[in-house]
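Structure record follows, encoded as structure tokens.
All chains are named by letter (A, B, ...) in the order of the sequence lines, taking the proteins before the strands, and each is independently numbered beginning at 1. As the structure is a computational prediction, the values presented were derived from the model and not from experiment. FYI, side chains are in, hydrogens and waters are out, and symmetry mates aren't considered; it's all heavy atoms of this structure.
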Amino acid sequence: MPDPRDVRVPIGPQHPALKEPESFLITLRGEKITSVNIRMGYNHRGIEKACEERTYIQDLYLIERVCGICSHAHSTCFVQAVEEIAGLEIPARAKYIRTLIAELERVHSHLLWLGVAGHEIGFDTLLMYTWRDREVVMDLLASITGNRVNYGINTIGGVRRDLDASQIEETLKAMDILEERTKYYVGIAQEEITLKKRLSGVGKLSYEDALRFGAVGPTGRASGVARDVRRDDPYAAYAEINFNVITDNHCDVYGRTVVRLKELLEAFSIIRQLLKKFPDGPIVVKAPRKIPAGETVSRYEAPRGEDLHYVRANGTEKPERVKVRAPTLANVQAVSHMLEDGYLADMPIVVAAIDPCFSCTDRMSLVSNLDNHRTDVLPWEVLRRRGIEHYKKQGVDFSVLNKKLANVLGK
Amino acid sequence: MLKQLFILLVFPGFLFLLTSGLLAEFIDRRLYARLQNRQGPPWFQPLADFIKLLGKEDIVPQEADTTVFRLMPLVALSATVAAFFYIPLWGTEAMFSFNGDIIVVLYLLMLPTLCFFLGGWYSRSVFSSIGAVRVLTQLFAYEVPLFICILASSLLANTWSLSGMAAFYSKHPGYWLFNLIGFGIAFISLLGKLEKVPFDIPEAETEIVAGSFTEYSGRLLAFFRLTIDIELIVGTSLLAAVFLPFGFGVGPYIGFVIYILKVLLLVALVSLSRTIFARLRIDQMINLCWKYLAPLAFLQVLLNLIAKGVMVK
Amino acid sequence: MKKRGKVLRQVLSSLFKKPVTTHYPFEKEKSGMPKGFRGKIIFHPSRCIGCKMCMRDCPTGAINIKKIGEKQFEAEIDLGKCIYCAQCVDSCIKKALEYSKDFELASTDRGKLKVILDAEPEKPNAEPEKPTEK
């Protein structure tokens with residue numbers, strides 16, 4: 001029974017606070033949020049299905065475009081899975097280059113986030129400054145990989161481009177500039193009072209809740225959940241690098257800001273270590289066009305959190321199934337919890353604080369219920385029944401198989 | 001008769017305010033951009049925006065109250081322009097003045113804010129309504145410190161007319177230094193009135209789209225935008241007349257230059273505060289106004305009463 | 001520790017700095033794009049053997065190699081489809097394809113986006129509007 005004092009405010013699918021379409025239906029009492037209803041699926045692009053129609057090489061570039069910011073994250077995660085199935089061991093230099101690009105990407109993503117966060121709380125100067133400084137790393141990425149965002153550096157069996165000595169020097173120089181700037185931003189975050197007032201105590205997510213909702217990446221780490229795939233399940237060259245997993249106990253948006261800023265400083269140190277140890281040798285090994293049958297899951301610590309790809313190969317040139325679980329999907333559950341009992345004014349910054357990437361997240365779509373011509377969520381049983389019917393029409397009858405299986409299990 | 005018309009329409013009336021308002025918007029935007037290390041818009045951008053909006057279609061929402069919706073931008077604009085005539089600019093005499101015109105000016109300056117509220121409220125859209133409520137909430141927060149500060153200044157001058165105040169302060173040079181606290185408070189309140197960062201809460205873009213103005217478009221929006229520009233000029237002129245009352249007795253030409261410099265200084269301060277602060281939340285804004293600004297404003301009154309008793313015989 | 005207007009000093013010093021933004025496209029950076037930037041594809045018809053590996057690997061199907069005569073091939077590329085990944089350059093075993101730094105390829109005419117790359121390799125003709133020229 002809706003209370004007459006309640007106002008329902010639709011934030012999205014089209015709203016200036018959201019950079020991508022997603023619907024947050026907010027119920028307000030005065031300026032306070034009483035409940036939030038999140039609906040996703042406005043950005044579904046059918047990428048997973050499209051992957052099944054293309055060869056592994058083509059998929060690389062498609063997967064890279066899952067996300068506009070962490071493009072290297074998705075492409076590396078996918079290519080790692082494929083290499084694991086094919087049993088390829090990539091050269092050490094390729095590993096280092098992949099790690100280098102990954103960290104540069106983290107730098108650009110976190111700086112971008114800081115600017116967006118500034119904009120959401122009406123602090124546009126921070127946005128202009130961080131994005132200006134972000135150009136340093138963008139130019140660097142363009143010069144190393146050949147493009148500003150969709151780097152296209154990965155290929156199955158290694159990387160496509162090598163770094164020369166001048167590029168290494170350029171990178172080290174850029175790191176010095178960026179480190180100085182980042183320290184300045186740390187100073188702003190710690191001292192500027194209007195900024196601190198808007199960030200601290202907002203969007204609380206306790207340690208228990210972070211675990212319960214499965215928050216990943218900086219969102220989880222700002223609530224004290226010390227989880228980082230780079231340390232827990234090292235990939236690429238991370239096993240050979242010393243770095244700290246940054247955590248914070250503020251459990252609010254301010255904590256998430258601090259975690260990201262400190263991660264930036266950590267990223268600079270990782271990049272310096274990488275360039276110091278840079279091994280010589282080839283950058284790519286020959287990969288077969290047809291990947292042998294097999295399946296695997298690959299994990300990757302993207303700037304927004306843990307990214308997960310599942311790939312199943314069937315011995316042909318094309319994968320049989322690709323599944324992408326982007327970090328935002330893991331974090332979005334926590335958002336509605338964080339928003340409740342907060343102010344409407346804090347809604348943009350709370351949503352922005354998980355660094356959402358909705359187009360990464362929208363892997364599934366709602367199926368409209370043909371029985372009563374309404375759009376609603378179908379229960380698993382209904383979906384399963386539909387699937388069986390669908391395959392029956394195509395001549396595949398699972399019920400026979402199921403019976404056989406039941407017999408086997410029964411015996 | 002012709003002179004009256006000239007005053008109303010050309011100088012210092014509508015035409016002067018139009019140009020100076022658009023110019024002030026340009027200076028504000030350009031300075032804001034340069035402070036952020038950007039190029040910023042060219043000088044004709046505010047005018048181009050204004051003309052563009054004039055050429056666009058007016059859309060009135062079906063649910064909205066058409067009369068109020070259409071009337072509000074015009075009322076807001078005319079109230080702001082009317083307020084300007086009572087403010088002394090470079091001489092001690094304003095165009096029109098009578099004892100008690102301070103109250104009229106403050107009232108006329110409150111009207112646009114009320115119009116923003118009514119326009120937003122009668123748009124009937126969710127974002128407009130929330131914006132409208134915030135406009136009103138914010139009004140109650142900044143208006144009291146602003147009034148008290150200006151009244152404190154007039155208390156010292158012992159007059160209820162802005163022209164009289166200007167005359168008093170130019171006769172007693174240096175007395176305006178008593179009002180420095182009041183100047184600071186009035187400036188902060190002015191930021192609230194002009195809805196500039198950190199007090200742009202009623203039109204916080206990332207939360208409620210454009211607040212009260214969400215449903216406005218075309219000519220009506222152009223008038224609202226113009227009102228805000230002119231309000232910037234009128235508000236800074238008022239502050240300049242009340243709190244920076246010097247350079248009045250030097251003739252119209254130099255006096256005009258001094259007046260322009262004062263307004264420019266205040267506009268620059270507005271841009272600067274827009275650059276260095278983040279937007280506050282409405283509850284934080286009210287806290288700030290009632291916890292700190294209002295008591296400080298009363299302190300100003302007390303100070304002026306003592307000063308009056310001791311110095312002005 | 002806590003301060004209001006922490007950015008004040010930086011902000012005021014920006015007043016005396018040259019703005020970092022430029023009036024693109026009227027003003028362009030002199031240094032241009034970095035070396036190795038992946039822009040528009042260049043085709044060397046004399047080296048092409050018509051194996052069509054580039055067509056096979058192109059993720060978007062933007063490139064199309066046509067036989068126009070005995071051992072003569074032309075490459076048609078749809079700039080609207082091309083994602084400038086340069087996989088075709090990697091796939092080409094005869095190095096008949098190359099990338100240039102040219103990236104300002106937008107056009108209001110869909111037809112102009114289909115470009116045939118069969119002429120002089122260094123100066124590809126039949127280009128859409130080329131705003132780079134001063």
Separation between CD1 of Ile121(A) and CG of Leu280(B), rounded to the nearest 0.5 Å = 10.0 Å
ask   = Taking the side chain from Arg132(A) and the backbone from Asn37(B), do they hold a donor-acceptor pair closer than 3.5 Å?
value = no
message = What's the separation between atom OG1 in Thr275(B) and atom CG in Leu126(A), rounded to the nearest 0.5 Å?
response = 12.5 Å
inquiry  = For the interface with chain B, which of Asp124(A), Leu127(A), Ile11(A), Leu195(A) has the highest count of heavy-atom pairs at distances below 4.5 Å?
reply    = Asp124(A)
ask   = Within a strict 4.5 Å, meaning less than it, do heavy atoms of the Val126(B) and Leu28(A) side chains meet?
value = no
remark   = Cut-off 4.5 Å, heavy atoms of chain A, and the answer for Asp200(B) is neither
query = What is the distance from atom CD of Gln36(B) to atom OH of Tyr129(A), rounded to the nearest 0.5 Å?
reply = 7.0 Å
request  = Identify which of Pro10(A), Gly118(A), Ala345(A) forms the greatest number of heavy-atom pairs closer than 4.5 Å to chain B.
outcome  = Ala345(A)
note = The interface call for Val116(A) against chain B, heavy-atom contacts under 4.5 Å, is neither
task = Nearest 0.5 Å please: distance from the CE atom of Met128(A) over to the CG atom of Leu35(B).
result = 12.0 Å
query = Under a 4.5 Å heavy-atom cut-off, does chain B meet the side chain of Val7(A), its backbone, both or neither?
reply = side chain
query = When you look at CZ of Arg219(B), are more than 12 heavy atoms from neighbouring residues, nucleotides or ligands closer to it than 6.0 Å?
reply = no
key: Pairwise side-chain contact, Val9(A) with Ile130(B), heavy-atom cut-off 4.5 Å (strictly under)   = yes
key: Interatomic distance, Ile349(A) atom CD1 to Arg281(B) atom CZ [nearest 0.5 angstrom]   = 11.5 Å
query = Does any non-hydrogen side-chain atom of Asn287(B) lie less than 4.5 Å from one of Lys197(A)?
reply = no
Pairwise distance CD(Gln284(B)) to OH(Tyr343(A)) - rounded to 0.5 angstrom = 8.5 Å
